[in-house]
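Have a look at the structure below, then the notes.
Basis for what follows: all heavy atoms, side chains included, without hydrogens, waters or symmetry-related copies. This chain uses plain numbering: 1 for the first residue, then up along the sequence.
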Amino acid sequence: MPSASWIALAVIQAVIMLLLTPLLTGFSRVLRAKMHSRKGPGILQDYRDIIKLFGRQAVAPATSGVIFMITPVILVVSMLLIGMSLPTVTDVSPFPISGDIITDIYLFAVFRFFFSLSGLDSGSMFAGIGSSRELTLGILVEPIFMLSIFVMAMICGTMDLGHISLHMETHTWNFPIATILAGIACAFVIFIEMGKLPFDCAEAEQELQEGPVTEYSGSDLALVKLGLGLKQMVVAQFFLVIFIPWGKASSLTVSGLFGATVLLLIKLFIVFLIAGLLENSMARVRFLKVHRLTWIGFGIAVLAFLAYLVGI
C-alpha cells in the first residue's frame with residue numbers, strides 16, 4: 001500500500017490531467033483549423049463548451065437503461081485510475097495498485113466496452129452503428145497494443161508499469177531492435193486511440209469513434225467529452241512513460257516534481273503536435289479498409305516479439 005504522500009501525488013496528478021484535457025483537445029482543434037486555412041475556435045473553446053454543458057439538463061432517451069446513465073462516470077473514472085498509476089513525473093508509479101499493465105489493459109477495455117454498450121442501450125440505430133464500429137476498431141487495434149506492451153514487459157522482466165518505466169530510464173537497452181519495433185507498433189495504436197485521421201474524421205466524428213455520443217446531452221455529454229479527451233491524454237502519457245521515460249523526479253521534492261512536470265508538458269505538446277500534423281496531412285480511408293492498415297501495425301508488433309525471441 002503506498003504512503004499518504006504518494007496517494008496525494010496520484011490524486012493531484014489525475015486532477016491535473018482532467019483539468020488540462022480541454023486545453024490539449026482545444027490545441028488539436030486550433031492546429032486543425034490553421035492547417036485547413038480557417039479561423040476555427042479558440043484554444044479555450046472546449047472549456048467553454050464543457051462548462052456550458054454542465055449547466056444544462058441531461059436528457060436520456062425513453063428506451064435507455066442503467067448502462068446509458070452510468071457510462072459517462074465510468075469513462076472518466078476508468079481513465080483517472082490509469083492516470084493515477086502512470087509514473088509521469090516520478091520514477092515509480094505513485095499508485096501501484098492500478099499500475100499493473102494487465103490492470104491498465106482491462107481498464108482500457110472497460111472504457112471501450114461501456115462506451116460501445118451505451119450506444120446500443122440508447123436505442124438509437126445511429127448510435128448502435130457507431131458502437132459496432134467502435135468495437136470493430138477495438139478488435140483490430142487491441143492485439144497490437146497488448147503485444148507491443150507485453151514485449152516491453154518481457155524485456156524488463158516485470159508487469160509493473162513503474163518498474164518498466166524505471167528500467168527503460170536507467171538500464172541499457174539489451175534488445176534495441178525489439179524495443180524500437182515495439183515502440184513503433186505502440187505509437188501506431190496510440191495514434192488510432194487518439195481518434196485521428198485516417199481512422200476518424202473531425203468533420204464527421206459522430207460517424208465513427210463518437211457514434212455512441214449521439215444521444216447524450218447536458219452534463220452527461222460534458223462527462224463523455226471529458227472522458228474521450230482524457231483518454232487521448234492518458235494513452236499519450238502511457239506511451240511516454242514506457243518509451244520516452246527520461247527527465248522524471250527521483251524523489252518527492254518540489255523542485256524535482258516541478259521540473260518533471262514542465263518536461264512532461266513539453267513532451268505532451270510535441271506528441272499532440274506530431275499527431276495533429278500527421279492527421280491533417282492525410283486523407284480519410286473507408287472504414288471497411290481500416291483493417292489493411294492495422295495489419296501493418298500488427299506485423300510490426302509480431303516482428304518486435306520475434307526480435308525479442310532472437311535476442312536483438
Would you confirm whether [X], through its side chain, and [Y], through its main-chain N or O, come within 3.5 Å as a donor-acceptor pair?
X	Y	result
Ser148	Ala185	no
Lys267	Ile244	yes
Thr25	Pro22	yes
Gln57	Gly218	no
Ser131	Ser116	yes
Gln237	Leu264	no
Asp121	Phe68	yes

ask   = Is the shortest distance from a Lys or Arg side-chain nitrogen in Asp46 or Arg29 to a carboxylate oxygen in the other one below 4.0 Å?
value = yes
Got a second to check how far [X]'s [atom1] is from [Y]'s [atom2], nearest 0.5 Å?
X	Y	atom1	atom2	answer
Gln13	Trp6	CD	CH2	10.0 Å
Phe238	Glu193	CZ	CD	11.5 Å
Met233	Ile82	CE	CD1	14.0 Å
Met17	Met84	CE	CE	10.0 Å
Asp220	Thr71	CG	OG1	9.5 Å
Leu181	Ile312	CG	CD1	8.0 Å

query = Looking at Pro61, Pro72, Ser64, Ser122, which hits side chain to side chain contact (heavy atoms under 4.5 Å, CB included) with Tyr216?
reply = Pro72
ask   = When you check the side-chain N and O atoms of Ser165 and Lys248, is any donor under 3.5 Å from an acceptor?
value = yes
Same cluster or not: [X] versus [Y], using hydrophobic residues (I, L, V, M, F, W, Y) connected whenever any side-chain heavy atoms lie under 4.5 Å apart?
X	Y	value
Val110	Leu86	no
Ile242	Leu147	yes
Leu221	Val66	no
Leu137	Leu117	no
Leu18	Val241	yes

inquiry  = Are more than 12 heavy atoms, taken from residues, nucleotides or ligands other than Trp295, located less than 6.0 Å from that residue's CH2 atom?
reply    = no
query = Phe272 and Phe27: aromatic ring centres closer than 6.0 Å?
reply = no
inquiry  = Please confirm whether the ring centroid of Phe145 lies under 6.0 Å from the ring centroid of Phe298.
reply    = no
